[in-house]
Amino acid sequence: MLSVKHLIDTPSLTADDITQILDTAKSFEPLNNRKGIKKAPALRGRTIVNLFLEPSTRTRSSFELAEKRLSADALNMGGSTSSVVKGESLADTIQTIDAMNVDMFIVRAKLAGTPHKITENTDAVVINAGDGKHQHPTQAMLDLYTIREHFGHLDGLKVAIVGDLAHSRVCGSLAPALKTMGAEVTLVAPPTFQVDDPSWFGCDQTYRLDDVLEDMDVVYMLRVQLERMEGAAIPSRREYNRLYGLSLERADRMKEHAIICHPGPMNRGMEIDAEVADCARSRILNQVNAGVLTRMAEMYLLLGGEGDGVSD
Ligand code: CP
(Lines give C-alpha, C1' and ligand atoms only; values in the text may rest on other atoms or scores of the structure.)
Protein backbone atom coordinates (compact mmCIF):
# COMPACT_ATOMS: atom_id res chain seq x y z
CA MET A 1 0.00 0.00 0.00
CA LEU A 2 1.34 3.43 -0.93
CA SER A 3 1.51 6.29 1.57
CA VAL A 4 -0.41 8.60 -0.83
CA LYS A 5 -4.04 8.43 -2.03
CA HIS A 6 -3.26 10.18 -5.35
CA LEU A 7 -0.12 10.26 -7.51
CA ILE A 8 0.34 14.00 -8.11
CA ASP A 9 4.08 14.58 -7.67
CA THR A 10 7.25 12.69 -6.78
CA PRO A 11 8.38 14.72 -3.73
CA SER A 12 5.34 13.24 -1.93
CA LEU A 13 6.60 9.68 -2.51
CA THR A 14 8.79 7.88 0.02
CA ALA A 15 11.61 5.51 -0.95
CA ASP A 16 9.31 2.68 0.16
CA ASP A 17 6.51 3.94 -2.16
CA ILE A 18 8.91 4.08 -5.11
CA THR A 19 10.34 0.64 -4.34
CA GLN A 20 6.81 -0.81 -4.14
CA ILE A 21 5.95 0.69 -7.55
CA LEU A 22 9.14 -0.63 -9.16
CA ASP A 23 8.85 -4.10 -7.59
CA THR A 24 5.16 -4.40 -8.53
CA ALA A 25 5.99 -3.27 -12.08
CA LYS A 26 8.66 -5.97 -12.21
CA SER A 27 6.09 -8.59 -11.17
CA PHE A 28 3.96 -7.56 -14.18
CA GLU A 29 6.82 -8.04 -16.64
CA PRO A 30 6.10 -11.72 -17.53
CA LEU A 31 2.45 -10.83 -18.22
CA ASN A 32 3.17 -7.74 -20.32
CA ASN A 33 6.08 -9.15 -22.30
CA ARG A 34 4.75 -12.62 -23.12
CA LYS A 35 3.67 -13.60 -26.62
CA GLY A 36 0.23 -14.99 -25.68
CA ILE A 37 -2.77 -13.49 -23.88
CA LYS A 38 -1.68 -10.39 -21.95
CA LYS A 39 -4.53 -10.05 -19.48
CA ALA A 40 -4.97 -10.40 -15.72
CA PRO A 41 -8.12 -9.79 -13.63
CA ALA A 42 -6.50 -7.43 -11.11
CA LEU A 43 -8.67 -4.37 -11.89
CA ARG A 44 -11.76 -6.16 -13.22
CA GLY A 45 -14.88 -4.09 -12.51
CA ARG A 46 -12.87 -0.89 -11.88
CA THR A 47 -13.61 2.17 -14.05
CA ILE A 48 -10.76 4.44 -15.07
CA VAL A 49 -11.21 7.77 -16.90
CA ASN A 50 -8.37 8.85 -19.20
CA LEU A 51 -8.77 12.63 -19.31
CA PHE A 52 -6.18 13.96 -21.76
CA LEU A 53 -6.51 17.72 -22.21
CA GLU A 54 -3.13 17.99 -23.98
CA PRO A 55 -1.61 15.79 -26.74
CA SER A 56 0.23 12.61 -25.77
CA THR A 57 1.45 9.48 -27.56
CA ARG A 58 3.47 7.48 -25.01
CA THR A 59 1.63 8.30 -21.78
CA ARG A 60 -1.87 7.96 -23.15
CA SER A 61 -1.29 4.73 -25.08
CA SER A 62 0.62 3.10 -22.23
CA PHE A 63 -2.09 3.96 -19.70
CA GLU A 64 -4.75 2.56 -22.05
CA LEU A 65 -2.71 -0.62 -22.59
CA ALA A 66 -2.02 -0.95 -18.86
CA GLU A 67 -5.77 -0.70 -18.17
CA LYS A 68 -6.51 -3.38 -20.77
CA ARG A 69 -3.78 -5.66 -19.36
CA LEU A 70 -5.41 -5.46 -15.91
CA SER A 71 -9.02 -5.80 -17.20
CA ALA A 72 -10.20 -2.34 -16.08
CA ASP A 73 -13.06 -0.55 -17.86
CA ALA A 74 -11.69 2.61 -19.51
CA LEU A 75 -13.46 5.82 -20.50
CA ASN A 76 -11.43 8.02 -22.85
CA MET A 77 -12.02 11.77 -22.79
CA GLY A 78 -10.18 14.56 -24.60
CA GLY A 79 -10.54 18.31 -24.24
CA SER A 80 -11.92 18.84 -27.75
CA THR A 81 -14.51 16.05 -27.47
CA SER A 82 -15.95 16.98 -24.05
CA SER A 83 -18.44 19.69 -23.05
CA VAL A 84 -15.47 21.81 -21.91
CA VAL A 85 -15.57 23.24 -25.48
CA LYS A 86 -19.17 24.42 -24.78
CA GLY A 87 -17.94 26.39 -21.78
CA GLU A 88 -18.48 23.82 -19.00
CA SER A 89 -15.94 24.30 -16.22
CA LEU A 90 -13.48 21.49 -15.53
CA ALA A 91 -14.89 21.20 -11.98
CA ASP A 92 -18.40 20.63 -13.39
CA THR A 93 -17.04 18.08 -15.89
CA ILE A 94 -15.27 16.17 -13.12
CA GLN A 95 -18.30 16.24 -10.79
CA THR A 96 -20.48 15.01 -13.67
CA ILE A 97 -18.21 12.06 -14.44
CA ASP A 98 -17.73 11.43 -10.72
CA ALA A 99 -21.50 11.06 -10.32
CA MET A 100 -21.24 8.02 -12.63
CA ASN A 101 -19.17 6.28 -9.93
CA VAL A 102 -15.75 6.01 -11.48
CA ASP A 103 -12.70 4.81 -9.54
CA MET A 104 -9.81 6.76 -11.03
CA PHE A 105 -8.93 9.77 -13.20
CA ILE A 106 -5.72 9.83 -15.25
CA VAL A 107 -5.13 13.51 -16.05
CA ARG A 108 -2.86 15.17 -18.65
CA ALA A 109 -3.25 18.96 -18.67
CA LYS A 110 -1.52 22.03 -20.04
CA LEU A 111 -2.18 23.98 -16.84
CA ALA A 112 0.06 23.15 -13.85
CA GLY A 113 -1.98 22.17 -10.79
CA THR A 114 -4.97 20.74 -12.70
CA PRO A 115 -4.66 17.16 -11.32
CA HIS A 116 -4.44 18.49 -7.75
CA LYS A 117 -7.50 20.69 -8.36
CA ILE A 118 -9.39 17.65 -9.60
CA THR A 119 -8.77 15.83 -6.31
CA GLU A 120 -10.95 18.53 -4.71
CA ASN A 121 -13.91 17.61 -6.93
CA THR A 122 -13.95 13.83 -6.70
CA ASP A 123 -13.57 10.94 -4.26
CA ALA A 124 -11.88 8.94 -7.02
CA VAL A 125 -8.12 8.44 -7.15
CA VAL A 126 -6.22 10.88 -9.40
CA ILE A 127 -2.97 10.18 -11.27
CA ASN A 128 -1.08 13.10 -12.79
CA ALA A 129 -0.11 12.15 -16.35
CA GLY A 130 1.81 15.43 -16.82
CA ASP A 131 0.67 18.97 -15.91
CA GLY A 132 2.28 21.96 -17.59
CA LYS A 133 5.83 22.65 -16.42
CA HIS A 134 5.04 21.15 -13.00
CA GLN A 135 5.28 17.35 -12.66
CA HIS A 136 5.19 14.09 -14.61
CA PRO A 137 5.49 11.48 -11.84
CA THR A 138 4.61 8.42 -13.92
CA GLN A 139 7.42 9.35 -16.34
CA ALA A 140 9.82 9.44 -13.38
CA MET A 141 8.76 5.96 -12.26
CA LEU A 142 9.34 4.44 -15.71
CA ASP A 143 12.72 6.19 -15.85
CA LEU A 144 13.74 4.77 -12.47
CA TYR A 145 12.54 1.32 -13.53
CA THR A 146 14.65 1.47 -16.70
CA ILE A 147 17.75 2.63 -14.84
CA ARG A 148 17.31 0.04 -12.07
CA GLU A 149 16.90 -2.72 -14.65
CA HIS A 150 20.29 -1.83 -16.15
CA PHE A 151 22.30 -1.31 -12.96
CA GLY A 152 20.34 -3.45 -10.49
CA HIS A 153 20.15 -0.50 -8.07
CA LEU A 154 19.68 3.27 -7.97
CA ASP A 155 21.66 4.36 -4.92
CA GLY A 156 25.05 5.91 -5.64
CA LEU A 157 24.48 6.28 -9.39
CA LYS A 158 25.55 9.52 -11.03
CA VAL A 159 22.86 10.92 -13.30
CA ALA A 160 23.08 14.01 -15.50
CA ILE A 161 19.78 15.57 -16.60
CA VAL A 162 20.65 17.68 -19.62
CA GLY A 163 18.78 20.39 -21.47
CA ASP A 164 15.63 22.41 -21.12
CA LEU A 165 15.33 22.24 -17.33
CA ALA A 166 13.33 25.45 -17.03
CA HIS A 167 10.34 24.15 -19.00
CA SER A 168 10.59 20.53 -17.89
CA ARG A 169 8.06 18.69 -15.76
CA VAL A 170 10.17 15.58 -16.44
CA CYS A 171 13.15 17.11 -14.61
CA GLY A 172 10.91 18.38 -11.80
CA SER A 173 9.71 14.82 -11.17
CA LEU A 174 12.81 12.78 -11.97
CA ALA A 175 15.39 14.78 -10.00
CA PRO A 176 13.59 14.51 -6.60
CA ALA A 177 12.74 10.83 -7.20
CA LEU A 178 16.39 10.00 -7.99
CA LYS A 179 17.51 11.87 -4.86
CA THR A 180 14.96 9.98 -2.74
CA MET A 181 16.47 6.73 -4.04
CA GLY A 182 20.04 7.80 -3.22
CA ALA A 183 21.34 8.80 -6.66
CA GLU A 184 23.55 11.85 -7.29
CA VAL A 185 21.98 14.28 -9.76
CA THR A 186 23.75 16.92 -11.84
CA LEU A 187 21.62 19.35 -13.84
CA VAL A 188 23.20 20.57 -17.09
CA ALA A 189 21.77 23.44 -19.11
CA PRO A 190 22.58 26.74 -20.79
CA PRO A 191 21.97 29.66 -18.41
CA THR A 192 18.60 30.46 -20.05
CA PHE A 193 17.36 26.91 -19.38
CA GLN A 194 18.65 26.53 -15.81
CA VAL A 195 16.37 26.16 -12.78
CA ASP A 196 16.33 29.09 -10.35
CA ASP A 197 17.05 26.99 -7.28
CA PRO A 198 18.61 23.57 -7.90
CA SER A 199 18.97 23.10 -4.13
CA TRP A 200 15.17 22.52 -4.11
CA PHE A 201 15.97 19.32 -5.98
CA GLY A 202 19.15 18.74 -3.94
CA CYS A 203 21.22 18.80 -7.14
CA ASP A 204 24.34 20.44 -8.55
CA GLN A 205 23.89 22.58 -11.64
CA THR A 206 26.37 23.45 -14.40
CA TYR A 207 26.32 24.81 -17.94
CA ARG A 208 29.32 22.72 -19.08
CA LEU A 209 28.22 19.32 -20.37
CA ASP A 210 31.71 18.27 -21.44
CA ASP A 211 33.05 18.74 -17.89
CA VAL A 212 30.69 16.15 -16.38
CA LEU A 213 29.83 13.76 -19.20
CA GLU A 214 32.63 11.22 -18.61
CA ASP A 215 31.78 10.83 -14.93
CA MET A 216 28.09 9.91 -15.43
CA ASP A 217 26.36 6.51 -15.28
CA VAL A 218 23.20 7.88 -16.87
CA VAL A 219 22.91 10.78 -19.30
CA TYR A 220 19.25 11.79 -19.47
CA MET A 221 18.57 14.12 -22.39
CA LEU A 222 15.52 16.39 -22.20
CA ARG A 223 13.48 17.54 -25.15
CA VAL A 224 13.82 21.23 -25.96
CA GLN A 225 10.21 22.29 -25.49
CA LEU A 226 9.84 24.73 -28.34
CA GLU A 227 6.08 25.04 -27.67
CA ARG A 228 6.63 26.25 -24.06
CA MET A 229 9.27 28.84 -24.88
CA GLU A 230 8.54 32.53 -24.50
CA GLY A 231 11.09 34.50 -26.58
CA ALA A 232 14.40 33.27 -27.98
CA ALA A 233 16.05 31.31 -25.15
CA ILE A 234 18.67 29.72 -27.43
CA PRO A 235 20.60 31.23 -30.35
CA SER A 236 19.81 28.47 -32.88
CA ARG A 237 19.09 24.76 -33.24
CA ARG A 238 22.59 24.18 -34.61
CA GLU A 239 24.30 26.11 -31.79
CA TYR A 240 22.26 24.25 -29.16
CA ASN A 241 23.23 20.94 -30.77
CA ARG A 242 26.91 21.93 -30.82
CA LEU A 243 27.03 22.84 -27.12
CA TYR A 244 24.44 20.51 -25.55
CA GLY A 245 23.45 17.91 -28.14
CA LEU A 246 24.41 14.29 -27.48
CA SER A 247 26.53 13.42 -30.52
CA LEU A 248 28.26 10.10 -31.25
CA GLU A 249 31.56 11.74 -30.30
CA ARG A 250 30.15 12.65 -26.89
CA ALA A 251 28.45 9.25 -26.45
CA ASP A 252 31.81 7.57 -27.17
CA ARG A 253 33.36 9.46 -24.25
CA MET A 254 30.83 8.12 -21.73
CA LYS A 255 31.81 5.38 -19.22
CA GLU A 256 31.76 1.87 -20.65
CA HIS A 257 28.56 0.81 -18.85
CA ALA A 258 26.80 4.21 -19.02
CA ILE A 259 23.36 4.54 -20.61
CA ILE A 260 21.37 7.22 -22.40
CA CYS A 261 17.71 8.02 -21.70
CA HIS A 262 15.19 10.45 -23.19
CA PRO A 263 11.50 10.78 -22.27
CA GLY A 264 10.34 11.35 -25.87
CA PRO A 265 9.17 12.80 -28.09
CA MET A 266 12.69 13.56 -29.40
CA ASN A 267 13.99 16.42 -31.51
CA ARG A 268 16.52 14.30 -33.42
CA GLY A 269 19.44 16.45 -34.48
CA MET A 270 18.84 18.98 -31.70
CA GLU A 271 19.22 17.58 -28.17
CA ILE A 272 20.17 14.10 -29.44
CA ASP A 273 21.67 12.99 -32.73
CA ALA A 274 19.68 10.38 -34.66
CA GLU A 275 22.40 7.69 -34.51
CA VAL A 276 22.79 8.19 -30.73
CA ALA A 277 19.07 7.71 -30.14
CA ASP A 278 19.37 4.30 -31.82
CA CYS A 279 22.79 3.25 -30.45
CA ALA A 280 23.55 0.37 -28.05
CA ARG A 281 23.70 2.69 -25.03
CA SER A 282 20.22 4.06 -25.69
CA ARG A 283 17.46 2.85 -23.36
CA ILE A 284 14.74 4.95 -24.97
CA LEU A 285 12.57 2.03 -26.14
CA ASN A 286 13.18 0.24 -22.81
CA GLN A 287 11.67 3.35 -21.20
CA VAL A 288 8.59 3.00 -23.41
CA ASN A 289 8.17 -0.64 -22.42
CA ALA A 290 8.64 0.25 -18.74
CA GLY A 291 5.85 2.83 -19.14
CA VAL A 292 3.23 0.10 -19.44
CA LEU A 293 4.65 -1.90 -16.50
CA THR A 294 4.98 0.99 -14.08
CA ARG A 295 1.56 2.43 -14.97
CA MET A 296 0.01 -1.00 -14.37
CA ALA A 297 1.72 -0.96 -10.96
CA GLU A 298 0.61 2.58 -10.05
CA MET A 299 -3.05 1.94 -10.89
CA TYR A 300 -2.99 -1.43 -9.16
CA LEU A 301 -1.40 -0.14 -5.94
CA LEU A 302 -3.52 3.04 -5.76
CA LEU A 303 -6.71 1.02 -6.20
CA GLY A 304 -5.77 -1.15 -3.24
CA GLY A 305 -4.19 -4.12 -4.97
CA GLU A 306 -2.14 -6.64 -3.01
CA GLY A 307 -0.17 -9.76 -3.96
CA ASP A 308 1.07 -10.30 -7.51
CA GLY A 309 -2.07 -8.93 -9.19
CA VAL A 310 -1.98 -11.69 -11.79
CA SER A 311 -3.81 -14.62 -10.15
CA ASP A 312 -7.61 -14.85 -10.62
N1 CP B 1 7.13 11.37 -22.43
C2 CP B 1 5.87 11.74 -22.64
O3 CP B 1 5.14 12.17 -21.75
O4 CP B 1 5.42 11.57 -23.93
P5 CP B 1 3.96 11.89 -24.45
O6 CP B 1 3.77 13.37 -24.40
O7 CP B 1 3.93 11.33 -25.87
O8 CP B 1 2.97 11.21 -23.55
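Remember, it's 1-based here, ligands and their atoms both numbered in the order they're listed.
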Met254 side chain reached by Arg281 side chain, heavy atoms, under 4.5 Å:
yes
What are the distances between nitrogen or oxygen atoms of ligand 1 and protein nitrogen or oxygen atoms, counting only those under 3.5 Å?
unit_1   : atom_1 : unit_2 : atom_2 : d
ligand 1 : 1 (N)  : Gln139 : OE1    : 3.1
ligand 1 : 1 (N)  : Pro263 : O      : 3.0
ligand 1 : 1 (N)  : Gly264 : O      : 3.0
ligand 1 : 3 (O)  : Thr59  : OG1    : 3.0
ligand 1 : 3 (O)  : Arg108 : NH2    : 3.1
ligand 1 : 3 (O)  : His136 : NE2    : 2.8
ligand 1 : 4 (O)  : Arg58  : NE     : 3.1
ligand 1 : 6 (O)  : Arg108 : NH1    : 3.2
ligand 1 : 7 (O)  : Thr57  : N      : 2.8
ligand 1 : 7 (O)  : Arg58  : N      : 3.0
ligand 1 : 7 (O)  : Arg58  : NE     : 3.2
ligand 1 : 7 (O)  : Arg58  : NH2    : 3.3
ligand 1 : 8 (O)  : Ser56  : OG     : 2.6
ligand 1 : 8 (O)  : Thr59  : N      : 2.9
ligand 1 : 8 (O)  : Thr59  : OG1    : 2.6
ligand 1 : 8 (O)  : Arg108 : NH2    : 3.2

Do Ser12 and Asp9 get their side chains close enough for a donor-acceptor pair, meaning under 3.5 Å?
yes
Qualifying residues under side-chain hydrogen bond (donor to acceptor under 3.5 Å, both in side chains), relative to Arg268, sequence neighbours excluded:
Asp278
Qualifying ring-ring contact (aromatic ring centres under 6.0 Å, His included) pairs with a residue from residues 253-291, counting only residues at least two apart or across chains:
Phe151-His257
For the residue pair Thr138 / Arg295, report whether a side-chain donor-acceptor contact shorter than 3.5 Å exists.
yes
Quick one: list whatever passes ring pair (Phe, Tyr, Trp, His ring centres under 6.0 Å) with Tyr244, sequence neighbours left out.
Tyr240
